[in-house]
Every structure is written in structure tokens, then in C-alpha cells.
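Below is one structure, written out as C-alpha cells; the observations come after it.
All chains are named by letter (A, B, ...) in the order of the sequence lines, taking the proteins before the strands, and each is independently numbered beginning at 1. Hydrogens, waters and symmetry mates are skipped; everything else that's a heavy atom, side chains included, is used.
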2 protein chains.
Amino acid sequence: MQGKPSPHAGSATRARLLETARLRFAREGYDATSVRDVARDAGVDATLIFRYFGSKKQLFDEATATAPGGPDLLAGPPEELVARMAREVVFHDWSTYGGEHPLLAMLRSSAHDDTRQRIREEVCATYVRALEDLAEGADAGLRAELLSAWLVGIGILRSVVGTPALAAAEAADLAPYVETVASGLLGRPMSGEVSTQNGESSGT
Amino acid sequence: MQGKPSPHAGSATRARLLETARLRFAREGYDATSVRDVARDAGVDATLIFRYFGSKKQLFDEATATAPGGPDLLAGPPEELVARMAREVVFHDWSTYGGEHPLLAMLRSSAHDDTRQRIREEVCATYVRALEDLAEGADAGLRAELLSAWLVGIGILRSVVGTPALAAAEAADLAPYVETVASGLLGRPMSGEVSTQNGESSGT
């Protein structure tokens, strides 16, 4: 494996570096994570990181870019949107992030203004905007943020703080409350569960 | 001010150290904060920190111990409990914490198991327990945690992430939604506002 690596080997190393970086940033935050640590975790030389990513900042951006959300969130019945978000934000398998919600990686680094701005953009562009489109009446933006805040808070209390009832809860336990809070904040009937019709998976 | 400090001077220095430590920990997290930084911020020698607090861990515990909550939260009408919590968690003046919610100081350091356990104990002993006592019916603990999660999420989106509608909101803007969500989750009528009777202050 010495000498010039093949493009294929390079892409595997790149993927491994992103994985070890994601875990380190999630656990330690941006400042406390060194490029050398990430390289050692991946079993490669630190110079490779600069070759592949250019800088620690770039590595951070790429490693935390695979946050949940995105187009999948918008597929499916609108009245199940909050239930889909809850499943994705709260019950996702975060093992690649050390078991913690990936938002934490960014919050641990949020003393940096550009990280803070990126969190804001990501939260607003995915969750808030999708919920705002569903909210009826005045204050649609505020109500969409209040509902996003709830999902973020549940994710943090469950995966980071580990409060007992949430840590033990499964998606079905939360369903009636997702229905109550989502319907109340959006001003329209919302479902607490994701339907399994249309061949969609119902796994949590 | 050389030589043996008077007990009074010592207590002023101690308070100043707690203040600079609180700000540093809130902004940088536990690992990235050095005792030397805190001492320099306070304009004293680092040895003073060990004399007053024994260790960096002890300094962290004391600096973040003045989190909101406590007995005041339980004073006043029970139906206004969530409104009081919202005022304290969301609209408190966090300038001594660098403008951010103090929970963030702890979350930035939550890779440490003992910090994580302390957050869990504090959140459970204040917010969750008080809300659980009010919740009617089954799942009281889960519903209390879900409501606590909402307040934590709002605090984080407002003070750290800075999503636009929440950043601009005042307590009165949130009142109708506090009423909706708190009543829905606790299963009993809750007020979104804190009454100003009994000579209480209504300032946010």
C-alpha cells in the first residue's frame, strides 16, 4: 500500500477519515479535535487530511454535512411530516456519531460564528421551512421554529443528557404526544405515526 | 494587594474567577478551557485557582452550579409553572454566560460522563420533577420530559442557533403556544403567562 495510492484506495481512506473525524468532532467539539488525532484514529498520516480536505475547517464541514433531513423528509403524506422528522431526529441510529445526535457536534463547536451560521441555515432550510409551509394562520415562522425546537430538545435530552423516560421511549410511545403538540402548534390535524402503506419501512 | 489577602478580598477574587470561568466554559467547553486562561481573564495568578477551588473540575462544577431553576420555580400558581420556566429558561439575561444558555456550557463538555450525569440530575431534579407532579394520567414522567425538552430546545434555538423568529420573539409572543403545548402535554389547563398579582415582577 506504499507509494501512489489508487483512486479507489484514496476514496476508501477519505471515507474512513470522514468517519473518524465525525466521531471526534461529535465527542470533543471543533477546537479540542486536532487533525493529528483524526489521522491517528484512521491509521493514516496527518498530511493525507490536508491533501484530501485542504484544512481542518473543510474536514469539519464535510464530516458534519451528512446530517439528517434533506429531500426524504418531504416525501410522504404532509400530515405525517412531524412524525417523520421525529423518527429521523430522535430515533435514528447515531452510532457513526458515537451514539449522540450530530447536532451536538455542531453545538460543541458553535462558539465559532461560521459554525453557528451553518447550524442556523441547516435547521432553517430543512425543518423550519417544511413546517412553516404546513402551519396555518399567523406566526407560521415562529410556530415552525417552536416545533423544530421541540424535536431538537427531544433529540438532546434522549441521546446526550439521557433523561430516563425519553432514553427508554420508542417511537410508538411518543406518537400520541407528537400528534398533540404538532396539531396544536401547526393549527391543523397532524398524525403522530408514519404510515406503512406504499411499501415504506416502519422500522425506527 | 500583595501578601496574605483579607477574607473579603479573597471572596471578591473568588467571585471574579467564577464569573470568568463561567464565560470561558460556556464559550469553549470544558476541555478547551485552561485554568491559565481563566486566571488571565480574571487578572490573577493560576495558582490562586487551585488554592480556591482545588482543581479545574471543581472550578467547572462551581461555575456552572448557578444554573436557573431551584425553589423560585415552584413559588406561584401551579398553572403558571411552565410560563415561569419559559421565562427563566428562554428569556433570562444570559450576559454572564456570554449571551448563551448555560446548559450549553455543560453540553459542550458533555463528552465527560460525570458532566452528563450532572446535567441529567439537574434537569430531572428541577424541571422534570416539577412538571411530573402536575401531569395528569399515565406517562407523567415521559410527558414531563417532553415538555422539558421543548424548553431546552427553545433556549438553544433562540440563544445559540439564533433562528430568526425565536431570536426576535418576546415572552408575550410565546404565551399562546406555551398555553397550547403545556396544556396538551400535561393534560390540564395551563396558562402561557405569568400573572403580575402578589407584587411579582412581570419583567422579562
- Message: Tell me if a side-chain donor or acceptor on A:Glu80 pairs with a main-chain N or O of A:Ser195 at a distance below 3.5 Å.
- Response: yes
- Item | Residue among A:Gly141, A:Cys124, A:Gly162 with most heavy-atom pairs under 4.5 Å to chain B | A:Gly162
- Query: Under a 4.5 Å heavy-atom cut-off, does chain B meet the side chain of A:Thr163, its backbone, both or neither?
  - Reply: both
- Sidechain-backbone polar pair: B:Arg158 side chain, B:Ala169 backbone, donor-acceptor under 3.5 Å: yes
- Task: Considering only heavy atoms and a distance below 4.5 Å, find which of A:Leu146, A:Thr180, A:Ile154 pairs most often with chain B.
- Result: A:Leu146
- Residue B:Leu157 versus chain A: region with a heavy atom under 4.5 Å: side chain
- Side chain, backbone, both or neither: which part of B:Pro176 has a non-hydrogen atom closer than 4.5 Å to chain A? neither
- Going through the distances and angles, do A:Arg14 and A:Glu62 end up as a salt bridge (charged side-chain N to carboxylate O under 4.0 Å, His left out)? CA-CA 11 Å; A:Arg14 206 174 184 288; A:Glu62 286 203 42; 3.2 Å; yes
- Out of curiosity, A:Arg87 CZ to A:Glu170 CD, how far, rounded to the nearest 0.5 Å? 12.5 Å
- Query: Which pairs pass side chain to side chain donor-acceptor pair (under 3.5 Å) with one or both residues in residues 37-46 of chain A, sequence neighbours excluded?
  - Reply: A:Arg24-A:Asp41, A:Ser34-A:Asp37, A:Asp37-A:Arg40, A:Asp45-A:Thr47
- What part of B:Ser183 lies closer than 4.5 angstrom to a heavy atom of chain A: side chain, backbone, both or neither? neither
- Measure A:Ala138 against the heavy atoms of chain B and call it side chain, backbone, both or neither at under 4.5 Å. backbone
- Message: Could you report the tightest heavy-atom contact between B:Leu134 and B:Arg188, atom names first, then the distance?
- Response: O-CD, 2.9 Å
